[in-house]
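Comments concern the structure below.
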Amino acid sequence: MDRDEELLRGRIYGEGHDHPRPGPKSGRTYAELVGELDGLLLDITGWTADEIQTGVALMTEIGQFGPGGRALYDPRPGERNRWDWSGDIP
């Protein structure tokens, strides 16, 4: 695993790599991202069942479309806390 991958593991999506308290917070619910943003955790605390079912388009600089592009993630069937990458959009 290279240094960039190490920095991503256990980090919350949307928090900077220099966040003073990286990693999961007590009392929060997270989904592990599997695929392009592998290892990042998405905070889904307070999301409705419909919002979770819909999935999400997350901004990323490392996808097919570079800065400003989005990575699509959907919950894995039967595993609400693991979301799989399904592609990129501009």
Side-chain angles (χ1 to χ4, degrees):
M1 176 181 333
D2 68 21
R3 177 73 177 133
D4 288 338
E5 287 181 74
E6 252 180 66
L7 288 172
L8 290 176
R9 296 245 171 247
R11 216 178 85 216
I12 310 301
Y13 171 82
E15 288 185 354
H17 68 276
D18 57 351
H19 192 278
R21 290 188 44 200
K25 316 290 187 278
S26 178
R28 310 295 295 176
T29 302
Y30 298 96
E32 179 185 357
L33 301 177
V34 179
E36 192 169 271
L37 300 175
D38 204 30
L40 284 176
L41 301 174
L42 178 65
D43 188 345
I44 58 171
T45 305
W47 289 32
T48 66
D50 285 340
E51 289 170 325
I52 290 171
Q53 176 88 20
T54 301
V56 68
L58 301 172
M59 290 188 68
T60 181
E61 297 180 3
I62 64 173
Q64 175 183 358
F65 298 98
R70 298 185 190 290
L72 302 174
Y73 279 87
D74 297 297
R76 184 177 289 179
E79 292 188 54
R80 169 189 163 130
N81 293 336
R82 288 179 59 90
W83 290 30
D84 294 311
W85 175 75
S86 60
D88 293 328
I89 58 173

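As the structure is a computational prediction, the values presented were derived from the model and not from experiment.
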Between L33 and L58, does the side-chain contact (heavy atoms from CB on, under 4.5 Å) criterion hold? Intermediate values first, please.
CA-CA 11 Å; L33 301 177; L58 301 172; 3.7 Å; yes
Under 4.5 Å between side-chain heavy atoms, chaining through other members, with only Ile, Leu, Val, Met, Phe, Trp and Tyr counted: pull out the rest of the cluster around L72, sorted by chain and number.
I89
Of all residues at least two apart in sequence or in a different chain, which pass the side chain to side chain contact (heavy atoms under 4.5 Å, CB included) check with D74?
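D74: side chain to side chain contact (heavy atoms under 4.5 Å, CB included) contacts with S86.
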Of all residues at least two apart in sequence or in a different chain, which pass the side chain to side chain contact (heavy atoms under 4.5 Å, CB included) check with R28?
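Result, side chain to side chain contact (heavy atoms under 4.5 Å, CB included) vs R28: K25, Y30, D43, T45.
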Considering all heavy atoms, the nearest [X]-[Y] contact:
X: E36; Y: G63; result: OE2-CA, 3.4 Å
X: P24; Y: L41; result: CG-CD1, 3.5 Å
X: P75; Y: G55; result: CD-CA, 4.2 Å
X: M59; Y: G68; result: CE-CA, 4.2 Å
X: R82; Y: E79; result: CD-OE1, 2.9 Å

Determine which pairs satisfy salt bridge (Lys or Arg N to Asp or Glu O under 4.0 Å) with at least one residue from residues 44-68, sequence neighbours left out, and list them in order.
none
W83 side chain near L42 side chain, heavy-atom distance below 4.5 Å
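W83 vs L42: side chains touch.
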According to side chain to side chain donor-acceptor pair (under 3.5 Å), who are the partners of R76, at least two apart in sequence or on a separate chain?
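D84.
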Would you give the length of the straight line joining atom OG1 of T60 to atom OH of Y13, rounded to the nearest 0.5 angstrom?
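Output value for this atom pair is 7.0 Å.
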Show me the pairs that pass ring pair (Phe, Tyr, Trp, His ring centres under 6.0 Å) and involve residues 48-69, at least two apart or across chains.
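Those involving residues 48-69 do not exist here.
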Kindly work out whether a path of hydrophobic side-chain contacts (I/L/V/M/F/W/Y, heavy atoms less than 4.5 Å apart) joins W47 to L37.
yes
Do Y73 and I52 belong together in a cluster built from hydrophobic side chains that touch within less than 4.5 Å?
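Per the 4.5 Å side-chain linkage, Y73 and I52 are co-clustered.
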